[in-house]
K.L.:
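The structure is given below, and queries will be raised subsequently.
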Protein chains: 2
Amino acid sequence: MGKADNTRSTILQKAFELIYKNGYQATSIDVIIATTHVTKGAFFYHFKSKEEMGLAIIKEVMYPGMAAAMIDPLLDGKDLPDKIYQMMKGLLLGNPFFIVEYGCPAINLIEEMSPLNPAFKDALTQLVVKWQHAIEQVLTRAQQSGNIRPDLSPRQIAFFIVTGYSGVRNMGKVFGPGCYDDYLSELKGYLQKLS
Amino acid sequence: MGKADNTRSTILQKAFELIYKNGYQATSIDVIIATTHVTKGAFFYHFKSKEEMGLAIIKEVMYPGMAAAMIDPLLDGKDLPDKIYQMMKGLLLGNPFFIVEYGCPAINLIEEMSPLNPAFKDALTQLVVKWQHAIEQVLTRAQQSGNIRPDLSPRQIAFFIVTGYSGVRNMGKVFGPGCYDDYLSELKGYLQKLS
DNA sequence: GAAAAAACATACCACCTAGTACGTTATGGG
DNA sequence: CCCATAACGTACTAGGTGGTATGTTTTTTC
């Protein structure tokens, strides 16, 4: 990675963290270049606008991050429903970077920007859809092998799980870390009753 | 209601709508006074700062609104779990003011402001807690009369339901109105398995 | 109906915002 | 070594931001 690529990815990483904590609109370019020690000329050389930087963050920082935390854990050999439960548990309790009071970077951005910017909405929709499909696939296979009742809809269950994650990340902002345990406990009960 | 009270509540109502659509930080005082045809002097006579106006919106617009839509439906004589399901259905599909792509005003504000402003966080926490307690109370009574299994935790279930609402309001922003039906259908199944 | 206070109106300010203009330095291929 | 271009640096702008200073009008109170 050359020096130029390094500046670019430094901007993306630091801006991602600032946006995670304060929101996209509340994170000014001036603050980004101040914390990264990158000048304005360099910033606008790498990104023609703030929006372009925001979209780059979604695609180059959030996509890989969510694949690692949200999808990869679904690929190993554990059985249903424990596989989904463990994925969720790792997501909520196992990531040292996430701060409960700040929620989830992707969920936050959906909340803030989906209604305001179609390009953001599209990029973020893809992110959620990918996760939901990965969960749905796991559920479908479990249904085929008889681990889940045949009258249930994997697509619908997957959506219910995704909404639950989105919601608990938001409620964590007001209730703090303790509520993650309540959610996980209830999720476990819900998942067990699928079979 | 005198003329002065009228200006004040006009500001609160219009600002509430603007914030609902664009977010709190993205809604400037200049835009508020432009759409309400209220001058800046009048605005700052009624509210000493933008923050004070925001808190007034939570307490004077959101509190009553959420009591009507979220708590009152729990007080009539229907049986569990249909009572909770009907409340949620009314909340998601029965409110003509809410726009699916914009989510829920209260949830949006929690997402945006809880990490940034303690006063906002406190006011919004109260709002959620009240709702959660109302749901919990209904569940506890149902448990006492044998409609819900005794080994389940009403508090935990109530929290699970609140997170689900928060989440589906957020996912509605990317998936549109259709996903509300999926959520309600899965919620119904979840509630039925409580007894 | 006059004094007092509430309610509103206008003009302004210091600061922040995304973005630009234009100059300078670093780098890699011939 | 040259020089084209990539990469970066500095200074600036036009418009928006929350908030204030200072006035004028309207309403209440006696």
K.L.:
Tell me the interatomic distance from A:Ile32, atom CD1, to D:dC8, atom C1', rounded to whole angstroms.
P.N.:
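Nearest whole value for this atom pair: 17 Å.
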
K.L.:
Does the distance from a Lys or Arg side-chain N to an Asp or Glu carboxylate O, for B:Glu60 and B:Arg8, drop under 4.0 Å?
P.N.:
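Looking at B:Glu60 and B:Arg8, the cut-off is met.
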
K.L.:
Whole-Å distance between C:dC8 P and B:Ile11 CD1?
P.N.:
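It works out to 8 Å between those atoms.
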
K.L.:
Under 4.0 Å between a side-chain N or O of B:Ser28 and OP1 or OP2 of D:dT17?
P.N.:
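It does, given that an N or O in the side chain of B:Ser28 lies less than 4.0 Å from OP1 or OP2 of D:dT17.
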
K.L.:
For the pair made of CD1 in A:Ile29 and P in C:dC15, what is the distance, rounded to whole Å?
P.N.:
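Taking atom P of C:dC15 as the reference, CD1 of A:Ile29 is at 21 Å.
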
K.L.:
Mind running side chain to side chain donor-acceptor pair (under 3.5 Å) on B:Tyr190 and A:Glu186 for me, showing each step along the way?
P.N.:
CA-CA 11 Å; B:Tyr190 165 75; A:Glu186 196 62 26; 2.7 Å; yes

K.L.:
Give the residues of residues 39-57 of chain A touching DNA chain C, defined as any heavy atom closer than 4.0 Å, sorted by residue number.
P.N.:
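Heavy-atom cutoff 4.0 Å gives A:Lys40, A:Phe44, A:Ser49, A:Lys50.
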
K.L.:
Can you measure B:Ile33 atom CD1 to C:dT10 atom C1' for me and round it to whole angstrom units?
P.N.:
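After rounding, the reported distance stands at 11 Å.
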
K.L.:
For the residue pair A:Tyr20 and A:Phe16, does the interplanar ring angle fall in the parallel (under 30°), tilted (30 to 60°) or perpendicular (over 60°) class?
P.N.:
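Correct class here is parallel.
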
K.L.:
Whether A:Asp82 and A:Lys188 form a salt bridge (side-chain N of Lys/Arg under 4.0 Å from carboxylate O of Asp/Glu) is what I want to check.
P.N.:
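Not counted as a salt bridge, because no side-chain N and carboxylate O are separated by less than 4.0 Å.
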
K.L.:
A:His37 has an atom NE2; how far is it from atom C1' of D:dG9, in whole Å?
P.N.:
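About 16 Å, once rounded to whole Å.
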
K.L.:
With sequence neighbours left out, what residues match A:Glu51 under side chain to side chain donor-acceptor pair (under 3.5 Å)?
P.N.:
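Testing A:Glu51 for side chain to side chain donor-acceptor pair (under 3.5 Å), a comparison that skips the adjacent residues, returns A:Asn117.
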
K.L.:
If only side-chain N and O atoms of B:Thr7 are considered, is one of them under 4.0 Å from the OP1 or OP2 phosphate oxygen of C:dA7?
P.N.:
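No, B:Thr7 has no side-chain N/O under 4.0 Å of OP1/OP2 on C:dA7.
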
K.L.:
I need the CG-C1' distance between A:Asp30 and D:dT10, as an integer number of Å.
P.N.:
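A:Asp30 atom CG is separated from D:dT10 atom C1' by 13 Å.
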
K.L.:
Compute the ring centroids of A:Tyr102 and A:Phe98, then answer whether they are less than 6.0 Å apart.
P.N.:
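Here the rings of A:Phe98 and A:Tyr102 have centres that are no less than 6.0 Å from each other.
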
